[in-house]
Amino acid sequence: GCGARQSTEGDGAAGGEVYEISYGHGFMPETPHHQAALKFKETVEEKSDGRLQVTVYPSDQLGSAREQFEGLQIGTQEIALLPTARISGFIPELQIFDLPFLFPDREIGYQLMDGELGNELLGLLSAQQIKGVAFYEDGFKHFTSNTELRTPEDFKGLKFRAMESEIIMEQFRKLGANPTTIDFGELYNSLQQGVVDGQENPLVTIKNMKFYEVQDVLTLSEHGYLAHVLMFSEQWLQSLPEDLQEILVETGKELASWQRAEIQKEETEYLEEIKASGTKVIELTEEERNELRDVTRSVHEEYSSNVNEDLLKKAYEDIDLLEKE
Amino acid sequence: MKPHLHVLNKIEEYFIGIGILIITLILFLNVVLRYVFNSSIEWAEEFTRYGVVWITFVGSSVCIYKGAHLGIDSLTTYLEKKGYTFHTIIIHAVALIFSLLFLFFSFNITMQVYESGQISPNLGIPMVYVYAAMPVGGALMSIRFIQQLLEGFSKRKEA
Amino acid sequence: MVAILFIALFVLLLSGIPVFIALALSSIIALFTFTTLPMEVVAQRMHAGIDKFSLMAIPFFILAANVMQGGGLSSRILHLANAMVGHLRGGLAMTVVIASIFFGAISGSSPATVIAIGALMLPALQKGGYSSGFSNGLIASSSAVAVIIPPSIGLIVYGSVTGVSVGDLFMAGFLPGIVYGAAFMIYSYYIARKHHIPIKQRANKKELWSAFRSSIWALGIPFIIVAGIYGGVFTPTESAAVASVYAIFIALFIYKDLDLKGLIRTSIETGIGTAQIMILLSAASIFAWVLTKFQVPQGLAEMMVSISDSKIAILLMMNIIMLLAGMFIDSASFTIILAPLFLPIATMYGVDPVHLGIIMILNGAIGMYTPPFGLNLFVASGVSKVPVSKIIPGVIPFLFISLITLMIITYIEEISLFLPAILK
Ligand code: NA
Ligand code: NA
């Protein structure tokens with residue numbers, strides 16, 4: 001059928017126009033991200049009495065994150081769920097999430113993303129004609145490697161694959177490791193053959209890409225956080241009747257906490273599977289984690305202007321406040 | 001018109017030739033740095049991709065006047081045996097229409113990328129410099145197909 | 001919509017217009033006629049289609065192949081190959097199969113393999129008395145099926161989509177890859193007998209030694225690639241750049257068959273070869289995007305399940321759909337789209353997920369040389385300067401053999417599952 005055609009006739013739904021929507025993201029069908037997208041589809045179709053019809057395109061079928069962001073701008077798709085780290089070329093402030101050890105724990109992270117700071121960040125998207133709706137997540141990033149990583153000493157001389165990002169590169173340098181860019185598609189082989197010694201990713205990716213098959217150690221470092229933004233094409237959203245706009249935005253917001261709970265549930269299973277494969281899973285002690293945090297802290301200052309100093313200051317203040325509670 | 005195009009030929013050819021050598025050298029150096037010196041050129045991968053994007057769209061123009069674009073040739077060969085160039089002229093006209101459409105669409109998206117101020121993640125250059133390869137390539141291809149059309153007409157007159 | 005898309009594509013293809021224009025223009029026609037989508041998407045996808053690091057092996061292997069050709073490395077390796085296998089019936093053709101399978105296995109890119117092996121071996125095959133159709137068909141097909149031999153990006157993609165262990169998939173890919181190699185070698189032997197391809201006198205030890213000695217530097221290329229990848233020095237894509245630099249060094253300073261001017265000329269040729277192939281991939285990307293956006297593969301898959309309910313028929317229909325998809329969509333993309341659709345159906349009929357992965361990657365590979373669109377046909381044409389219309393008849397027998405072999409592998413699942421089972 002013709003998925004992108006907007007039928008202007010009142011076919012199907014109770015009297016109103018039917019709007020066909022393309023919702024794209026980069027995750028595999030089994031992930032909580034895709035489940036959230038399907039739940040979104042189900043909910044908005046039901047709430048709108050079929051006036052909204054959503055087609056979900058998982059696994060980057062519509063293009064990479066950067067390309068899907070552009071897709072929202074030029075109007076080839078209406079909705080996307082994209083990692084902040086992949087779209088900071090449009091909004092540099094989103095790099096705040098890439099700063100090592102920014103969130104002391106997940107709960108504080110959620111409060112920040114759902115609070116004023118999150119709102120401010122989402123608001124920045126409107127300069128790009130994008131409506132930022134809510135933050136979803138991959139969760140905390142961890143290291144995988146073939147040797148135990150407890151202290152900065154353990155990182156010395158190791159080659160780590162780093163994403164294309166100055167902040168993440170610098171984080172590895174501060175740890176004494178050597179960051180190198182390897183294409184994501186070549187990463188499994190590169191770990192297997194030893195082109196690089198390790199990499200960082202959230203559990204959902206380590207599990208899905210099977211990196212644990214070719215790495216001996218998983219260190220639960222929680223050293224970085226990967227957030228995702230649910231976003232709509234702003235111009236398209238404005239063109240909809242107001243009741244539909246509300247359904248879309250509200251549903252998108254509501255599902256954020258569902259998706260986060262779901263991924264936390266899944267992470268327990270991922271860990272079981274990774275342990276069962278024989279990969280050693282290390283939990284860091286408080287001191288070990290603090291030491292890693294301290295040696296990478298200067299990344300924050302060096303890149304504060306990249307992410308906007310005021311925003312960062314505000315984040316620190318909020319975190320302090322939340323930690324005291 | 002001819003002598004100008006001759007200069008253009010040379011510019012295009014040196015651009016793609018030297019371009020290939022540069023990206024090869026950079027990727028090679030990256031390997032050496034990583035393996036021998038435990039360091040790396042962080043933007044090597046990105047630079048390679050963008051280089052190839054430029055080489056592809058500029059090279060596509062070179063392919064036109066070198067007759068190097070790949071195609072299924074059965075009908076063409078059959079018609080050419082009959083010394084019939086009318087078909088070729090139509091092909092070149094359709095190809096020219098495509099190049100102009102491509103020039104138009106790619107110019108629009110390049111302008112949009114320019115307005116959004118999108119920055120590449122590693123080199124930190126505006127993405128507009130990468131996208132610009134398409135309108136440039138589209139313009140060059142259009143010039144080449146016009147050139148081919150004109151040649152087709154003059155050949156037909158001779159015949 | 002789909003009908004118009006394909007009719008436009010075939011009319012344009014047959015008219016003899018460049019393939020990339022046929023692909024892009026038919027997409028433009030379909031989008032313009034049936035949707036209100038902004039046409040800028042054409043340019044966006046044409047950029048996205050080539051802005052991928054996994055494709056970068058292509059330009060670098062073209063460069064390596066061109067330098068080896070112009071710098072006297074190729075002729076020395078060929079001389080050695082002739083001295084070693086020239087006295088065997090079909091020896092040269094069988095060497096090509098081994099070289100393609102081997103090279104395809106490590107580079108992971110079938111167009112890159114067609115370029116690297118094709119540039120080296122096509123002239124030799126033709127000098128040796130093989131027809132150009134056979135020679136091109138041989139290289140286009142054996143380069144393609146090699147991608148299932150690990151390390152295989154296609155299998156990694158399948159593993160991440162379906163949750164199957166990549167390690168198991170890698171193990172499972174070995175035997176089917178070898179079965180393919182064997183099938184092509186048997187056919188080569190048969191052709192050599194049938195057409196009385198001349199055999200040379202067996203080279204004596206002295207001749208062998210001198211051929212080996214003169215090609216020792218040139219042999220550094222395959223050595224560097226294999227040792228570098230398996231030794232963890234570089235990725236397959238990087239290996240192509242390293243091989244190029246090595247070839248340039250040997251050609252300029254050791255063999256001295258190439259000077260600086262020659263190097264520039266070779267690089268320009270490489271730029272042209274790169275554009276020739278990358279612009280095809282660029283245009284194929286908008287075509288594939290249209291198919292994806294309109295969920296054509298999904299539609300086919302749904303139709304399939306509604307038609308039959310026998311395991312044999314379902315597997316057969318899956319093969320047909322994948323083969324069709326493989327002609328137009330690169331194997332990573334179609335794995336992403338089709339694997340989630342096929343896996344639940346296949347497991348319902350008791351097909352092992354690992355086995356399905358092998359079948360899927362094989363179909364993607366065969367789609368690469370299925371006429372009229374299979375990309376490898378055009379790449380081979382670009383390398384050999386033999387028109388595609390002459391390559392197609394040559395590739396038909398290989399396609400026929402491939403399909404029979406595919407059926408054997410599909411229905412005898414032990415071929416894929418044997419190794420993973422004993423290694424557990
Ligand atoms: Na492991
Ligand atoms: Na392979």
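Naming convention: chains lettered A, B, ... in sequence-line order (proteins, then strands); numbering from 1 in each chain. No experiment lies behind these values; they were computed from the predicted model shown.
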Heavy-atom cut-off 4.5 Å, strictly under: side chain, backbone, both or neither for [X] against chain A?
| X | result |
| --- | --- |
| Ser120(B) | neither |
| Val113(B) | side chain |
| Leu33(B) | neither |

Please flag which part of [X] lies under 4.5 Å from any non-hydrogen atom of chain B: side chain, backbone, both or neither.
| X | result |
| --- | --- |
| Thr181(A) | both |
| Arg173(A) | side chain |
| Ile87(A) | neither |

For this session: Can you see which heavy atom on Tyr65(B) is nearest to which on Gln148(B), and at what distance?
Result: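 Nearest pair, atom of Tyr65(B) first, then Gln148(B): CA-NE2, 4.0 Å.
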Problem set entry | Minimal non-hydrogen separation, Ile55(B) against Gly19(B), with atom names |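 In terms of heavy atoms, the two residues are closest at CD1-C, 3.8 Å.
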Exercise. Are the aromatic ring centres of Phe143(A) and Phe155(A) under 6.0 angstrom apart?
Worked result: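 Judged by ring-centre distance (under 6.0 Å), Phe143(A) and Phe155(A) do meet the cut-off.
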Problem set entry | Ring center gap for His228(A) and Phe135(A) short of 6.0 angstrom |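 Centroid distance His228(A)-Phe135(A): not below 6.0 Å, so no.
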For this session: Look at Gln112(B), Glu46(B), Glu42(B) and state which one has the largest set of heavy-atom pairs under 4.5 Å with chain A.
Result: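 Looking at each of Gln112(B), Glu46(B), Glu42(B) in turn, Glu42(B) comes out on top.
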Problem set entry | Heavy atoms from other residues, nucleotides or ligands near CZ of Phe107(B) exceed 12 (cutoff 6.0 Å) |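 It does not: Phe107(B) CZ has 12 such atoms or fewer within range.
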For this session: Could you tell me whether Glu234(A) and Lys131(A) have a side-chain N and a carboxylate O separated by less than 4.0 Å?
Result: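 Looking at Glu234(A) and Lys131(A), the cut-off is not met.
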